[in-house]
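One is the number of the first residue; the rest follow in order along the sequence. Side-chain atoms are counted along with the backbone in the values below, which use heavy atoms only and exclude waters and symmetry mates. Start at 1 and go down the list; that is how both ligands and their atoms are numbered.
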Amino acid sequence: MLTEIIKQRKADLADGKASPTQDILSHMLMTCDKDGTYMKELDISTNIMGLLIGGYEATGAVCTLIVKFLAELPHIYDAVYKEQMEIANSKAPGELLHWDDIQKMKYSWNVAQEVMRLTPPIQGSFREAATDFVFNGYTIPKGWILYWSSITTHKSADYFQEPDKFDPSRFEGTGPAPCTYVPFGGGPMMCPDKEYARMEILVFMHNLVKRFKCERLLPQEKIVMDPLAMPAKGLPIRLFPHNHIN
Ligand code: HEM
C-alpha cells in the first residue's frame with residue numbers, strides 16, 4: 001500500500017497536483033544527495049515505516065503502559081495528579097499547555113522514565129562492530145552485527161537498586177549511570193525524536209490525570225512483545241471522571 005501511495009505522489013508531483021514541500025513524503029521524493037541521487041522507493045517506504053513505528057507505535061505503547069502503572073499504583077498517580085493540577089490551576093480557562101509548562105512536569109517525566117525502564121517499548125536494536133574488541137572474554141571481530149538489549153541493564157541490580165521496584169526517584173539528580181538507561185538507544189544512532197516523544201507523553205499524562213482516574217479491568221493481564229511492549233488484551237480500563245469521585 002505504501003508503494004502505491006509513493007507512486008501516486010510521484011505522479012502528482014510530476015503533474016503539479018502535489019506540492020514538493022507539503023509533507024515528509026514529498027521531501028523524501030524531491031531531495032537528492034550531493035551526487036544528485038534520489039532515494040529509491042523501497043528506501044522511502046522503509047523510512048516511512050520507521051517513522052510510523054517510532055512516531056506512533058512507540059509513543060502509543062508508552063502512553064498505554066503509563067495508564068497501566070498509574071492504575072496500579074495509587075500513590076504514584078496521586079503525586080502525578082498533584083503536579084499536573086498545579087500546572088492546570090496556573091492556566092487561564094481554555095489556555096493550552098506551553099513549552100514552559102512541559103519543563104515543570106519533572107515528577108511526571110520521572111514516572112514515564114521509570115515505566116520505560118521496567119517495560120522498554122523497544123527492546124533494543126543492532127550495531128555493527130567498527131573495530132575488533134573483547135567483551136566478557138569473547139573477541140568480537142570488526143564487522144559483526146550485534147544486538148543490544150535495554151532490559152539487560154534496566155533490570156540489573158548492578159545499576160538499579162531493587163530493579164523490580166517502581167521508583168521514579170531513580171531519575172532525580174544526575175540519574176542512572178551513562179549507557180545503563182537506554183529506552184531511546186544511545187550514541188549517534190539514538191532516537192532523534194526523544195524530545196518530541198517526551199512532549200507527547202507529558203501532554204497525554206496531563207490531559208489524562210486532569211480528567212480521570214483509571215482502574216484496570218484485567219489486573220492479571222500480561223505484557224507481551226508484539227513486537228513492542230503491549231498489554232496482551234489491549235489494557236481494558238474503567239475511567240472515573242474526577243467530578244464523579246467522592
Ligand atoms: C517513547 C517513544 C519512543 C521510543 C521509546 C523510541 C525508541 C527508539 C529506539 C530504541 C531507537 C533505536 C536507537 C538506537 O539504535 O540507538 C529509535 C530510533 C528512531 N526513532 Fe524513536 N522512539 C520513540 C519515539 C519516536 C518518535 C516520536 C519518532 C518520530 C516522530 C521516532 C523516530 C525514530 C527514528 C526515525 C529512528 C531511527 C534513527 C536512525 O536510525 O538513525 N521515535 N527510537
Side-chain angles (χ1 to χ4, degrees), residues 2 6 22-29 31 33 39-40 42-70 80 97 99 102 105-130 133 135 140 143-156 159-160 166 168 170-171 175-208 223-231 235:
L2 256 178
I6 294 168
Q22 76 184 54
D23 57 20
I24 194 150
L25 175 54
S26 282
H27 277 285
M28 284 188 188
L29 283 165
T31 309
D33 65 16
M39 278 170 83
K40 295 190 184 83
L42 183 63
D43 291 337
I44 292 180
S45 84
T46 309
N47 274 303
I48 289 180
M49 280 308 289
L51 272 178
L52 290 175
I53 292 173
Y56 175 74
E57 300 281 351
T59 316
V62 176
C63 289
T64 307
L65 294 164
I66 287 172
V67 175
K68 169 187 135 39
F69 281 98
L70 289 181
V80 171
L97 288 173
W99 182 244
I102 303 288
M105 300 180 184
K106 291 193 186 331
Y107 181 78
S108 301
W109 183 236
N110 289 349
V111 168
Q113 291 193 98
E114 182 67 338
V115 168
M116 288 188 276
R117 183 185 68 82
L118 288 166
T119 43
I122 296 176
Q123 301 299 296
S125 82
F126 294 94
R127 290 289 189 274
E128 184 177 330
F133 67 97
F135 180 73
I140 312 290
W144 271 33
I145 304 297
L146 307 158
Y147 182 77
W148 62 264
S149 152
S150 48
I151 209 75
T152 319
T153 46
H154 286 195
K155 287 286 194 87
S156 163
Y159 306 114
F160 296 95
F166 192 97
R170 302 175 194 280
F171 295 93
C179 297
T180 58
Y181 178 69
V182 284
F184 293 98
M189 298 292 289
M190 186 180 197
C191 178
D193 295 297
K194 175 180 176 293
E195 282 306 300
Y196 177 65
R198 183 173 79 96
M199 188 185 66
E200 283 185 299
I201 290 166
L202 289 172
V203 170
F204 169 78
M205 289 175 84
H206 177 83
N207 284 294
L208 175 79
I223 303 294
V224 291
M225 301 302 158
D226 187 23
L228 272 63
M230 262 291 160
L235 194 74

### Query
Does a side-chain heavy-atom distance below 4.5 Å link M205 with V111?
yes
### Atoms of ligand 1 close to P121 [distance to a heavy atom under 4.0 angstrom, numbered from 1]
5 (C)
### Message
To check your reading of the model: name the closest protein heavy atom to atom 27 (C) of ligand 1, its residue, and the distance in Å.
### Response
G55 CA, 3.5 Å
### Message
If the cut-off is 4.0 Å to any non-hydrogen atom of M189, which atoms of ligand 1 fall inside it?
### Response
13 (C), 14 (C), 15 (O), 16 (O), 39 (C), 40 (O), 41 (O)
### Proximity to ligand 1 by part of Y56, non-hydrogen separation under 4.0 Å
neither
## Note on the structure
If we number the atoms of ligand 1 from 1 as shown, the ones under 4.0 Å from a heavy atom of Y196 are 27 (C), 30 (C)
### Candidate with minimal heavy-atom separation from atom 10 (C) of ligand 1, of S125, P183, G187
P183
### Query
Among protein heavy atoms, which lies nearest atom 18 (C) of ligand 1, and at what distance?
C191 CA, 3.8 Å
### Message
Out of M116, E57, R127, who is nearest to atom 14 (C) of ligand 1 when you count heavy atoms only?
### Response
R127
### Message
Determine whether E200 and V62 satisfy the following criterion, side-chain contact (heavy atoms from CB on, under 4.5 Å), listing intermediate values before the conclusion.
### Response
CA-CA 10 Å; E200 283 185 299; V62 176; over 6 Å; no
### Message
Quick test of your reading of the structure: of I122, L228, D193, whose heavy atom lies closest to atom 32 (C) of ligand 1?
### Response
D193
### Task
Report, in ascending order of atom number, the atoms of ligand 1 lying under 4.0 Å from any heavy atom of A58.
2 (C), 3 (C), 4 (C), 23 (C)
### Query
What do you reckon, does E200 put a non-hydrogen atom under 4.0 Å from ligand 1?
yes
### Query
Should you measure from each heavy atom of G185, which atoms of ligand 1 turn up under 4.0 Å away?
10 (C), 13 (C), 14 (C), 16 (O)
### Task
Name the option, out of P192, G186, C63, G50, that contains the heavy atom nearest to atom 33 (C) of ligand 1.
P192
### Non-hydrogen atoms of P120 and H154 that approach each other most closely
CG-ND1, 3.9 Å
### Task
Please determine if R117 forms a cation-pi arrangement with F160, meaning its NZ or CZ atom is less than 6.0 Å from the six-membered ring centre and no more than 45° off the ring axis.
yes
### Message
Looking only at protein heavy atoms, which one is nearest to atom 1 (C) of ligand 1, and what is the separation?
### Response
V62 CG2, 3.5 Å
### Message
Considering W148, F184, F126 one by one, which has a heavy atom nearer to atom 3 (C) of ligand 1 than any of the others?
### Response
F184
### Message
Quick check on contacts: which atoms of ligand 1 are under 4.0 angstrom from a heavy atom of T59?
### Response
2 (C), 24 (C), 27 (C)
### Message
Quick test: of every protein heavy atom, which one is nearest to atom 24 (C) of ligand 1, and how far off is it to 0.1 Å?
### Response
G54 O, 3.1 Å
